[in-house]
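Report on one structure; see the data block that follows.
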Amino acid sequence: MALTDIEKSFIYDYSMQMLQQDMLTNRLFGSSSVGMDLRSLVLGGPVRAATFTNPFEEAISGTLRGDAAAVRQAANNVGEAASMMGVARTEMATIVDALNDMENMIDQINSGELDGTSSVVQADYDALRDKITGAISGADFNGIAVLDSDQWGTDQIDANGNVFIQSSKDGGFNITFHSVDTPSSGVNWADLDGTALAVDGTRATQLGYVQSLQSEMSSIMNVYEGKEDSLQSQQLNLESQSQLLDQAAQIRKPSDPDYSLEQLLADLIARQTGTIYDGTG
């Protein structure tokens, strides 16, 4: 039966591929150094050819990986700043709750539900004050006092309540805390005194103190809450940037550092000249 033109063309193309493979294989398995490397690969010998890399791609991808690491560290730093603000906000909430309880206690004395001359009531009032001062002195993040200015002026927080946050390779920003131990309203925590609840006039003064401190402390708490949310958002943005830089570094480095010369040549034989059908399309 005579062959069709398509069949003849197929046999010819296939024969040429076999011939090319045979010529290339003979050359590679000859006495050249490349042949020795390739024989070691195929026969399992101890010799391994040196890997090859593209110096330009290595330099670019290395820079991108360095940038990604720097941005990732900046994200961690900003995350710590957010946590610092979270500690301050939590302690401020404790202070505001205690002031609310003190106000309720005064209201109950004024309504006759509690006795302002009672030593128990006065002790409870003083206990709330002590709870506040304890929260102020104990508000600490990794050794940094975030509310008590008496503990400022260190390498971590300056005398004005500023903590520097490294947010980039070249710089950063300060987050600032309020000196809650010395309220700006002029009312001192020591002014809150349970014995003053026994008399109408001094009890009214105590109510004014409490309400003044309530307003100031609530405002500070809201400021901290807003800063915490903002820092958390900034942390997420930086983490996204580091991921993009990681992806860019991978794209800029298409070659595999473990992809040796003999592997390349073996692929050339097997995939470029030695097959009729290529599974990659």
Side-chain angles (χ1 to χ4, degrees), residues 67-103 128-192 209-246:
D67 290 342
V71 173
R72 191 175 298 108
Q73 182 58 53
N76 292 336
N77 294 344
V78 173
E80 288 216 352
S83 298
M84 215 178 303
M85 282 294 170
V87 169
R89 173 190 54 77
T90 300
E91 295 301 330
M92 290 304 303
T94 298
I95 293 170
V96 170
D97 287 344
L99 288 169
N100 291 339
D101 290 341
M102 296 175 88
E103 182 183 32
L128 289 170
R129 177 201 60 209
D130 295 341
K131 181 180 180 180
I132 291 172
T133 55
I136 293 172
S137 61
D140 176 278
F141 179 87
N142 197 25
I144 302 174
V146 294
L147 300 181
D148 188 0
S149 62
D150 284 342
Q151 302 181 56
W152 294 352
T154 69
D155 292 339
Q156 295 177 301
I157 182 169
D158 68 20
N160 296 315
N162 297 310
V163 177
F164 181 75
I165 304 299
Q166 188 83 25
S167 61
S168 70
K169 293 189 297 184
D170 302 321
F173 58 90
N174 283 329
I175 56 173
T176 305
F177 296 94
H178 295 259
S179 54
V180 180
D181 56 312
T182 56
S184 60
S185 62
V187 180
N188 296 317
W189 297 109
D191 294 334
L192 302 178
Y209 288 162
V210 169
Q211 291 175 337
S212 175
L213 290 168
Q214 273 180 321
S215 177
E216 181 178 351
M217 298 302 121
S218 295
S219 297
I220 294 173
M221 181 181 66
N222 291 336
V223 168
Y224 287 160
E225 184 175 8
K227 287 183 178 180
E228 181 185 10
D229 291 342
S230 177
L231 289 166
Q232 287 174 341
S233 177
Q234 185 177 354
Q235 179 189 10
L236 293 175
N237 288 336
L238 288 170
E239 288 173 347
S240 297
Q241 289 178 30
S242 68
Q243 292 172 2
L244 290 174
L245 287 170
D246 281 333

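In this structure, I95 and A135 approach most closely via the heavy-atom pair CG1-CB, 4.2 Å. Scanning all heavy atoms of the two residues, the minimum distance from E239 to A75 falls at CG-CB, 3.7 Å. Residues L99 and W189 come closest through the heavy atom pair CD2-CZ3, 4.0 Å. In plain terms, the two heavy atoms of S137 and Q151 that are nearest each other are O-NE2, 3.0 Å. For the pair I157 and A145, the tightest heavy-atom approach, listed with the atom from each and the gap, is CD1-O, 3.5 Å. Closest approach of E228 to A82, counting heavy atoms only: CG-O, 3.7 Å.
The side-chain hydrogen bond (donor to acceptor under 3.5 Å, both in side chains) test applied to E225 returns no partner, not counting sequence neighbours.
A distance-only check finds no donor-acceptor pair linking the side chain of S233 to the backbone of D229 [under 3.5 Å]. Here the side chain of D148 pairs a donor or acceptor atom with the backbone of D150 at under 3.5 angstrom. Formation of a donor-acceptor pair under 3.5 Å by the S230 side chain with backbone atoms of G226 is not found in this model. Proximity of a side-chain donor or acceptor of D158 to a complementary backbone N or O of N160 within less than 3.5 Å is detected. No donor-acceptor pair under 3.5 Å is formed between the side chain of N77 and the backbone N or O of I165. Here the side chain of K131 pairs no donor or acceptor atom with the backbone of T94 at under 3.5 angstrom.
If you take CD1 on I175 and CD1 on I144, they are separated by 7.5 Å, rounding to the nearest 0.5 Å.
Here ring pair (Phe, Tyr, Trp, His ring centres under 6.0 Å) pairs that include residues 156-178, with residues two or more places apart or in two chains, are F177-Y224, H178-Y224.
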